[in-house]
Structures are given as structure tokens and as C-alpha cells.
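Data first, discussion second: the structure below is written as C-alpha cells.
Whatever order the structure lists ligands and atoms in, that order sets their numbers, starting from 1. Heavy-atom basis, side chains included; hydrogens, waters and symmetry copies ignored.
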Amino acid sequence: MSSSTAHGRDARGRRPPSPLEQIAELLAEPADVPAEPSTGYLDLLGRRAGPAPTLAQRVMQSTFLPRIYERVWRPVGFNIAKGWPFGPDTAEEHALARDWLGLGQPGDAGPAATVLDVACGPGNVTRALAAGVAENGLVVGLDASRTMLAEAVAQPTPAPGRAAIGYVRGNAVDLPFRDGCFDAVCCFGALYLFDDPWAALDAMTRVLKPGGRLVILTSRRPDLPLSRAGGELVRAVVGMRMFGDREITRALIDRGLTGIRQRRYPLMQLVGARRAGPGAG
Ligand SMILES: C[S@@+](CC[C@H](N)C(=O)[O-])C[C@H]1O[C@@H](n2cnc3c(N)ncnc32)[C@H](O)[C@@H]1O
């Protein structure tokens, strides 16, 4: 239960830390964190170069895509890739993410967990994760795109009784957080865009607490003649990787993760795992 009063102050009249002040406690390097920056998010990239400017990354940084992403691009593109009407729709996908991460479902109390949503875009999955986390938890959305984050911070805050959300501009390949500080890490619809997805998996594993859970929704290269050549062409032209059926699961095993699970869809795969340690079964 929260110790703050109806006016947001605790019994001694102190203001509870803002989500960005809570995020400051999770950073590997101390940073000057304003409680309410003008952008609404904590910018840890500043003028530093973001991800390599492939065609796909340029689209993610545009002003147009974030505006239509959640209502049009995401449901249409992803549902086709997941094999709609046989694959999970967006609501089922969110429920699976919460379940595989050990979070609650809307209406349940849910744990007061600390959750990271890597490459959060306009915060669509971030908000779905917060719906399964109790009030004293924290959900952090990280993305490199200013335009995506501007959409994310413009969305309504979580329902009363649900975890606070805070957004960070940073690079998924080199996460700015301390080792072992998250109970759960989610990375949906983005691993295939990263210039070094293997370094991103290292970073996601590093920031998980022992026993913490990871879930990834990424591309899948169907096991068909010429699909490897087709995948290389997509990568060269668009800058998107198509991962083989065993590439991600093997990479997680190599990083010492356990309890690997996978669901395969026509052009996507959902992969879950746990970092060994207390609570990992
Ligand atoms: C297709 S959106 C995914 C949004 C959301 N996770 C979802 O599942 O709908 C991909 C996001 O990855 C972000 N991204 C790509 N490379 C990144 C990187 N190296 N670091 C942080 N974010 C990155 C893009 O800016 C974009 O917002």
C-alpha cells in the first residue's frame, strides 16, 4: 500500500519521489535528474549519436510514424506478422507479456515490481505492463526516439492503484541502469532494429535481478527455401534482421538464462526466460 496521502504527500508532508527521481536511483552513472523536465522524459542520450541511421530507424525517428503507430501501424503490421486471426491480437499479446513476466492482470493486485520496457516506442506496451503492476511498483520505458517518447509522455497516466511510469531516452544496446535492478524486462518489436542485438541481450540480462524474467517479441525467419537470402535482403535494404527459430533461444541459454519458452508465429516469435537465482524455477 502507498504511504502517501490523498494529496500525494506522506504523513510528514514530504512529496513522494517522481517517477524520474525513482529512475535516478536505478542509473549506473549518477545523472542530474529534474523532477519534471520540459520534455517529460529523462534524456540520457542528449546530442550523442543514437542508433545507426538505417531506413527502419529513420522511420522510427520521424514525426509521422509515432502519430499513427499505436492505432494503425502496430495492430495491422504486427497482427499480420503474428498470423492473425490465428495468432494473438494486441490484447492477448499484452496478457501473455504480463503472464510470462510474472506480473498481474488488470483487476488483480499484481506485484509491486520494477519493470523495464526496452524500446518502448509511444509507450503502448509500457502502459499494458503497468496495468499488471501494483501502485508501489515502477515501470520504466526506454527508447532512443524523441518523437516516439513525445507521444509516450502525452498519454494518460496509469489508473489509480497502478504503478507509476517514467520514460528515458537511451540506447537499448548499452542500457544505462545498474546491474540487477529490474524484476522484469520486456523488449517487444525492436530487437530486429538494433545494430547489435547480442549486446542488447547482454545488457537486458545484466539489469535483471537474479530470478527476474525477460520476454522478447521479435522477428522470425520462416524455415523455408530462400528465406535466409530473403532475410539478408531485408536487412540490407531496410535494416531489419529476421531471426532464425533457434537464434534467440540459444543466445539466452548462452547468457545463462533458464526456463526458456518460445511461441512461433509466421513472421514473429515470443521468447521468455529467467535469470537464474532465487524464485527462478
Ligand atoms: C516498432 S517500435 C516498438 C514499440 C513497442 N515496443 C511495441 O512493441 O509496439 C521500435 C522502437 O525501437 C526503438 N529503438 C530502435 N533502436 C533502438 C535503440 N538502439 N535503443 C533504444 N530504442 C531503439 C525505436 O525508436 C522505436 O520506438
Side-chain angles (χ1 to χ4, degrees), residues 41-46 48-82 87-98 100-101 115-130 139-155 165 167-177 184-204 207 214-219 234-235 238-241 265 267-271:
Y41 57 83
L42 176 61
D43 190 347
L44 296 176
L45 276 185
R48 263 181 290 159
T54 59
L55 177 60
Q57 290 286 17
R58 283 203 294 269
V59 174
M60 298 297 153
Q61 312 274 339
S62 70
T63 49
F64 177 67
L65 181 68
R67 277 195 243 137
I68 59 151
Y69 181 80
E70 194 169 340
R71 270 174 297 121
V72 185
W73 182 290
R74 176 54 154 91
V76 173
F78 278 52
N79 286 351
I80 291 172
K82 287 179 291 178
D89 64 12
T90 306
E92 290 167 326
E93 182 197 311
H94 290 168
L96 270 170
R98 289 186 293 258
W100 286 24
L101 290 173
V115 180
L116 175 63
D117 183 22
V118 177
C120 62
N124 46 322
V125 176
T126 322
R127 282 177 272 120
L129 298 175
V139 182
V140 181
L142 175 139
D143 203 279
S145 163
R146 288 191 175 92
T147 52
M148 286 287 190
L149 288 170
E151 280 294 320
V153 298
Q155 299 304 318
I165 297 179
Y167 290 101
V168 175
R169 183 163 172 262
N171 193 344
V173 173
D174 182 18
L175 290 174
F177 305 106
V185 174
C186 176
C187 179
F188 274 19
L191 194 73
Y192 46 78
L193 298 171
F194 300 163
D195 42 8
D196 189 345
W198 316 116
L201 290 182
D202 288 337
M204 291 185 229
V207 302
L214 172 67
V215 68
I216 293 171
L217 178 70
T218 190
S219 56
V234 171
R235 187 169 161 198
V238 186
M240 269 179 55
R241 282 175 203 251
Y265 309 114
L267 293 172
M268 295 205 99
Q269 53 184 310
L270 182 71
V271 183

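Minimum interatomic distance between I165 and R127 (heavy atoms only, all atoms of both residues): CD1-CG, 3.7 Å.
When heavy-atom distances to ligand 1 are checked against a 4.0 Å cut-off, P51 comes that close only through its side chain, counted from C-beta outward. Using a 4.0 Å cut-off between heavy atoms, V125 contacts ligand 1 through its side chain alone, with no backbone atom that close. Contact annotation for Q57 and ligand 1: only side-chain heavy atoms (C-beta onward) come within less than 4.0 Å of the ligand. With a heavy-atom cut-off of 4.0 Å, D117 does not touch ligand 1 at all.
One distance of note links CG of N124 with CG of D117; it measures 8.0 Å at 0.5 Å rounding. Distance CZ/R74 to OH/Y69: 4.5 Å, rounded to 0.5 Å. Here the NZ atom belonging to K82 is positioned 11.0 Å from the CD1 atom belonging to I80, to the nearest 0.5 angstrom. A distance of 13.0 Å separates OH in Y265 from CZ in F78, rounded to the nearest 0.5 Å. Atom OG1 of residue T147 and atom CG of residue L65 lie 8.0 Å apart, to the nearest 0.5 angstrom.
The protein heavy-atom contact nearest to atom 8 (O) of ligand 1 is R74 NH2, 2.9 Å. Of the protein's non-hydrogen atoms, F194 CE2, 3.9 Å is the one closest to atom 23 (C) of ligand 1. Atom 12 (O) of ligand 1 has A119 CB, 3.3 Å as its closest protein atom, hydrogens excluded (heavy atom only). Protein heavy atom at the shortest distance from atom 22 (N) of ligand 1 is A144 N, 3.2 Å. Protein heavy atom closest to atom 24 (C) of ligand 1, with residue, atom name and distance, is D143 OD1, 3.5 Å.
Contact annotation: the side chain of P51 approaches that of Q61 to within less than 4.5 Å [non-hydrogen atoms, C-beta and beyond]. Taking the side chain as every heavy atom from C-beta outward, L116 and L175 approach each other to under 4.5 Å. Within the 4.5 Å cutoff, the side chain of L193 has heavy atoms near those of the M240 side chain. Annotation: side chain of M148 is not in contact with side chain of Y167 (no heavy-atom distance under 4.5 Å). Side-chain contact between L191 and L201 is present, with at least one heavy-atom pair separated by less than 4.5 Å.
Atoms of ligand 1 found under 4.0 Å from any heavy atom of A190, numbered from 1 in the order shown, are 12 (O). Those atoms of ligand 1 that come under 4.0 Å of a heavy atom in G121, given as number and element, are 4 (C), 27 (O). Close approach to S145 involves these atoms of ligand 1, each under 4.0 Å from a residue heavy atom: 25 (O). Of all the atoms in ligand 1, the ones that sit under 4.0 Å from a non-hydrogen atom of A172 are 18 (C), 19 (N), 20 (N), 21 (C). Short contacts between ligand 1 and G189, defined as distances under 4.0 Å to a heavy atom of the residue, involve ligand atoms 1 (C), 2 (S), 3 (C), 10 (C). Residue Y69 approaches ligand 1 through these ligand atoms, each under 4.0 Å from one of its heavy atoms: 1 (C), 2 (S), 3 (C), 4 (C), 5 (C), 7 (C), 9 (O). Every atom of ligand 1 with a heavy atom of G170 under 4.0 Å away is listed here by number and element: 20 (N), 21 (C). Of all atoms in ligand 1, numbered sequentially from 1 with element shown, those under 4.0 Å from a heavy atom of N171 are 18 (C), 19 (N), 20 (N).
Considering backbone and side-chain N/O of M148, none are found under 3.5 Å from N/O of ligand 1.
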